[in-house]
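In what follows, a structure is listed as structure tokens, so that the remarks can point back to it.
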Amino acid sequence: MFFQQFYLPSLGHASYLVADEQSGQALVFDPRRDVEPYLEAARENGLRITHAADSHGHNDYLSGLTEITVHTGAQVWGAASAGLGYPHQPLQDSQVIELGDVGIEVLHTPGHTPEHLSLLIYDRAMSADEPALLLSGGALLVGDLARPDLLGGGEKARQAAQTFCETIQTKLLPLPDHVQVYPTHVAGSLCGGNIGSRLSTTIGYERRTNPVLAEVDSKDDFVRECIRMDNLPAVPPYWRRMRTRNLRGVEPLGVPAEPPALTADKFEHHRGSGAAVLDTRAPEAFGGGHIPSALNVGLGTAFATWAGTVLPDQARVALVLDRPEDLWEATWQLLRIGYPPPVGWLRGGMTAWRTAAKPVKTTPQITVNDLKVRLERGEVDLLDVRQPGEWAGGNAPGAIRITGAELPDRLDEVPDTKPVAVVCGSGYRSSVAASLLAAHRDLPVLNVLGGMTAWKAADHPTEIPPDKDQ
């Protein structure tokens with residue numbers, strides 16, 4: 001049996017290629033939208049991608065199923081209960097499919113989503129009856145379970161968590177300890193509250209160490225642990241759009257056109273006609289000088305999450321890059337979460353913009369020591385954009401909490417009587433939030449360098465919220 005994992009840190013996403021080496025038949029599981037890595041791996045190993053499947057309708061990225069079928073003609077599998085809008089072979093619980101010496105047992109594992117499937121893989125060449133590994137999707141993660149609260153309010157989340165408890169008890173815990181577990185949601189994903197850093201685990205290890213599974217004998221405790229809101233990160237606005245598109249069937253991407261290099265004048269024309277300026281430089285560079293109303297999302301592992309937070313649906317994007325070679329990294333990260341290719345990028349960067357005498361704005365960067373003095377003098381309001389779990393660990397006295405994911409819908413709640421200092425854990429998310437505030441509100445904003453990590457390192461005072469749900 002051939003097996004390969006593909007890890008995408010920017011989405012906390014893992015996908016898989018499983019194949020029978022004798023016949024060359026291969027399955028791609030939970031593919032991302034840019035499918036060339038799967039095609040290349042199959043090509044290098046003399047395999048044919050004959051099948052493809054998603055574990056569930058994803059909220060965090062656009063599926064690559066359509067692209068796989070366009071490139072390979074592979075047959076698509078899908079849960080019979082999912083109501084999928086694209087051609088597929090419906091799979092039933094306990095169904096067994098043989099690809100040569102690779103046996104694939106379908107497990108309906110609802111909880112994260114109602115239609116969720118996991119695939120139990122047998123290497124028949126080694127053992128006909130002992131399963132080798134589980135492609136668990138979001139049914140079981142490293143040290144965690146995927147969140148059950150994405151498809152509705154509190155009551156739906158409780159019902160989903162109750163279903164999840166039954167899934168764990170009847171489908172997963174009965175599996176042998178030796179079975180290796182390969183989830184789709186891994187380190188970096190917001191689909192769990194405490195996902196471990198390893199990219200795989202085993203049933204036995206999770207049985208002994210996973211804190212959520214420790215509550216499985218008590219359904220009430222398990223449900224409470226599953227839907228603890230202080231433990232779950234706020235989700236980006238773009239997640240509202242992904243699942244519907246995935247269940248309907250993602251439109252073919254084809255070969256994206258090369259986003260053109262734009263002169264300062266051409267760039268300004270696109271900006272004036274409604275294109276969103278997305279500045280992918282580091283917060284310090286952005287703060288020192290940027291195009292007015294530009295949004296700062298530094299290119300890195302969190303880029304897709306925060307671009308999808310601050311950009312409107314289907315936004316036309318004009319990029320400011322550190323280096324021309326960053327163009328396709330930024331472009332693919334946008335395509336994976338449903339945005340069209342950028343209309344172009346600023347040739348020569350901010351140097352070209354400044355030397356063309358175009359307008360420039362700055363965002364003051366302040367240290368935590370400066371912040372402490374300004375707070376004591378009552379000169380600034382402090383906006384904390386960290387996740388609920390971070391807030392529960394301590395905040396600066398008097399801070400206002402609005403998570404970065406919620407900020408686009410709550411901009412009007414930010415007070416405007418004083419300058420607003422924005423803080424996160426280190427300074428990255430706060431720069432994103434500060435740029436969003438400056439673009440939509442007429443108020444002075446400052447970015448706090450080093451964030452609450454630096455604040456605590458300086459031994460400045462913190463408050464612990466009286467209730468973890470605050």
Side-chain angles (χ1 to χ4, degrees), residues 3-8 11-18 27-33 38 51-65 68 76-82 84 88 90-95 97 104-121 131-151 160-161 163-168 170-173 175 179-193 195-196 198-203 206 210 212-213 226 239 242-243 246-247 250:
F3 178 77
Q4 185 170 340
Q5 182 186 58
F6 302 82
Y7 173 42
L8 192 61
L11 291 173
H13 169 256
S15 49
Y16 300 94
L17 183 66
V18 184
L27 162 72
V28 178
F29 190 66
D30 278 338
R32 68 202 204 202
R33 203 176 187 194
Y38 314 117
H51 298 82
D54 278 341
S55 58
H56 61 290
H58 297 285
N59 287 81
D60 50 339
Y61 67 93
L62 286 185
S63 169
L65 285 183
I68 287 287
V76 174
W77 293 339
S81 61
L84 301 175
H88 65 284
L91 301 184
Q92 304 285 349
D93 185 40
S94 301
Q95 181 177 349
I97 302 169
I104 301 171
E105 182 177 354
V106 179
L107 302 181
H108 182 216
T109 48
H112 181 43
T113 68
E115 78 286 353
H116 193 286
L117 296 179
S118 301
L119 300 183
L120 189 61
I121 307 297
L133 58 92
L134 177 72
L135 300 180
S136 64
L140 182 59
L141 311 182
V142 177
D144 204 355
L145 300 179
R147 59 195 304 160
D149 66 322
L150 294 176
L151 305 186
T163 301
F164 220 152
C165 188
E166 295 173 6
T167 289
I168 296 297
T170 63
K171 297 293 180 67
L172 300 185
L173 288 183
L175 295 174
V179 171
Q180 295 176 290
V181 177
Y182 289 92
T184 296
H185 303 312
V186 291
S189 172
L190 299 180
C191 280
I195 303 175
R198 292 176 294 112
L199 298 182
S200 66
T201 184
T202 66
I203 292 290
E206 293 305 308
N210 190 310
V212 187
L213 294 189
C226 267
W239 281 29
M242 297 295 98
R243 178 173 165 83
N246 282 324
L247 292 177
V250 180

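These figures come from a predicted structure and were not determined experimentally.
- Side-chain atoms of Leu213 and Leu172, non-hydrogen and from C-beta on, never get closer than 4.5 Å to each other.
- Residues Phe29 and Tyr182 place their aromatic rings such that the two centres sit no closer than 6.0 Å.
- Within the 3.5 Å criterion, the main-chain N or O of Gly193 finds a donor-acceptor partner in the side chain of Asp144.
- Here the side chains of Val181 and Ile203 are in contact, with some heavy-atom distance below 4.5 Å.
- Annotation: the span from Ile168 atom CD1 to Glu206 atom CD amounts to 10.0 Å, rounded to 0.5 Å.
- Using a 30° and 60° split on the angle between ring planes, Trp77 and His51 fall in the tilted class, from 30° to 60°.
- The two residues Leu134 and Val179 make their nearest non-hydrogen contact at N-CG1, 3.7 Å.
- Within the 4.5 Å cutoff, the side chain of Leu140 has heavy atoms near those of the Leu145 side chain.
- The CG atom of Leu107 sits 6.5 Å away from atom CG of Leu175, with the distance rounded to the nearest 0.5 Å.
- Within the 3.5 Å criterion, the main-chain N or O of Pro110 finds a donor-acceptor partner in the side chain of Thr167.
- Between Leu199 and Val142 the shortest side-chain heavy-atom distance does not fall below 4.5 Å.
- Ion pairing of Lys171 with Glu105 is absent here, as no side-chain N (NZ or NE/NH1/NH2) approaches a carboxylate O to less than 4.0 Å.
- At a threshold of 4.5 Å between non-hydrogen side-chain atoms, the residues Leu151 and Pro114 count as touching.
- When atom types are taken as modelled, the side chain of His112 and the backbone of Arg147 share a donor-acceptor pair closer than 3.5 angstrom.
- For the pair Ala160 and Pro148, the tightest heavy-atom approach, listed with the atom from each and the gap, is CB-O, 3.5 Å.
- Atoms CG and OG, on Leu8 and Ser189 in that order, are 11.0 Å from each other to the nearest 0.5 Å.
- Tyr61 approaches Arg32 most closely through the heavy-atom pair CE1-CA, 4.2 Å.
- Within the 3.5 Å criterion, the main-chain N or O of His56 finds no donor-acceptor partner in the side chain of Arg243.
- In the model, Ser55 has a side-chain atom that pairs as donor or acceptor with a side-chain atom of Asp30 under 3.5 Å.
- A donor-acceptor contact shorter than 3.5 Å is absent between the side chain of His185 and the backbone of Leu141.
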*Val106 and Leu119: CA distance, side-chain angles, deciding distance, side-chain contact (heavy atoms from CB on, under 4.5 Å) verdict*: CA-CA 5 Å; Val106 179; Leu119 300 183; 4.2 Å; yes
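- Rounding to the nearest 0.5 Å gives a distance of 8.5 Å between OG1 of Thr184 and CG of Asp54.
- Here the shortest heavy-atom pairing between Gly196 and Ala187 reads O-CB, 3.7 Å.
- A distance of 9.5 Å separates SG in Cys191 from CG in Asp149, rounded to the nearest 0.5 Å.
- Here the shortest heavy-atom pairing between Ala146 and Gly138 reads CB-O, 2.9 Å.
- Nearest heavy atoms, Ala52 versus Ile68: CB-CG2, 3.8 Å.
- Atom CD of Gln180 is separated from atom CG of Leu135 by 11.0 Å, given to the nearest 0.5 angstrom.
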